Amino acid sequence: MAPIKKILPSGKKDASFFEQVYAVVALIPFGRVTSYGAIAKFLGTKMSARMVGWALNNAHHLPHVPAHRVVNRNGQLSGKAHFDTPQQMQELLEKEGVVVHNDCIVNFTTVFWDPSKELAIE
DNA sequence: AGGCTGACATCGC
DNA sequence: CGCGATGCCAGCC
C-alpha cells in the first residue's frame with residue numbers, strides 16, 4: 001500500500017479510506033488538480049472511485065481539504081454544486097492558475113496531478 | 001440488521 | 001461511437 005498512512009495524523013492507528021483521500025488531496029500541489037479515479041487507483045481501489053467522492057463529501061466540511069482540486073476523469077467540475085457556492089470551485093481553481101471554461105478544466109492533462117506518479121509509491 | 005444512496009469509472013451491447 | 005448496466009465501500013435511514 002501507499003505510504004499515505006504515514007502521512008496521516010498521528011493518533012490514527014487505522015487509516016480509513018477517507019483519511020487516505022484527505023491526505024492525497026491535501027498533498028495536491030498549488031495549481032494542480034487530480035481525478036477521483038486517480039486517487040482511487042492510487043489507494044489501490046480504482047473501482048471505488050465513487051467512494052472517493054463520498055470521502056470528499058465528508059472532506060467538504062473539513063477545514064484543510066482542497067476538494068476543489070479534485071475533478072472527475074473528464075476534467076469537469078462535477079462536485080461544484082456541493083461547495084458553499086457552485087462558482088466557488090471554479091473561482092478557487094482560477095485563482096490557482098487553472099483555467100476553467102464551461103465547468104471544464106482547460107489543459108486538464110497539463111494541470112493534472114497523478115498521485116501514483118508524483119508521489120511515486122512503492 | 002438490512003437496504004439505499006453517493007462529488008465516478010469502466011466494461012458491455 | 002453512444003447509452004446502459006455493474007462494481008466498489010462506507011455512511012445514513
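Within every chain, numbering begins at 1; the chains are lettered A, B, ... in the order of the sequence lines, protein sequences first and strands thereafter. Here the structure is a predicted model, which is why all the values come from computation and not from measurement. The analysis underlying the following values was restricted to heavy atoms, covering all of them including side chains, and did not include hydrogens, waters or symmetry mates.
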**Request:** To the nearest 0.5 Å, tell me how far Arg50(A) CZ sits from Asn57(A) CG.
**Result:** 13.5 Å

**Request:** Locate the shortest heavy-atom distance separating Tyr36(A) from Val52(A); write the atom from each residue and the value.
**Result:** O-CG2, 3.6 Å

**Prompt:** Going from CG on Asp114(A) to OG1 on Thr109(A), what distance comes out if it is rounded to the nearest 0.5 angstrom?
**Reply:** 12.5 Å

**Request:** Please identify each residue that fulfils salt bridge (charged side-chain N to carboxylate O under 4.0 Å, His left out) with Arg69(A), with sequence neighbours left out.
**Result:** Glu96(A)

**Message:** Using 0.5 Å steps for rounding, measure from the OG1 atom of Thr34(A) to the CG atom of Leu27(A).
**Reply:** 11.0 Å

**Item:** Protein-to-nucleotide contact annotation, 5' to 3' order, nucleotides 7-13 of chain B [B base; S sugar-phosphate only; - none; under 4.0 Å, heavy atom]
**Value:** BBS----

**Message:** With side chain to side chain contact (heavy atoms under 4.5 Å, CB included) as the criterion, how do Gln76(A) and Val71(A) come out once you've worked through the C-alpha distance, each side chain's angles and the decisive distance to 0.1 Å?
**Reply:** CA-CA 6 Å; Gln76(A) 186 175 15; Val71(A) 294; over 6 Å; no

**Prompt:** What are the 5'-most and 3'-most nucleotides of DNA chain C lying under 4.0 Å from any heavy atom of chain A?
**Reply:** dG7(C) to dG11(C)

**Asked** How far apart are the C-alpha atoms of Tyr22(A) and Asn58(A), what are their side-chain angles, what is the distance that settles it, and do they pass the side chain to side chain contact (heavy atoms under 4.5 Å, CB included) test?
**Response** CA-CA 9 Å; Tyr22(A) 306 150; Asn58(A) 268 322; 3.2 Å; yes

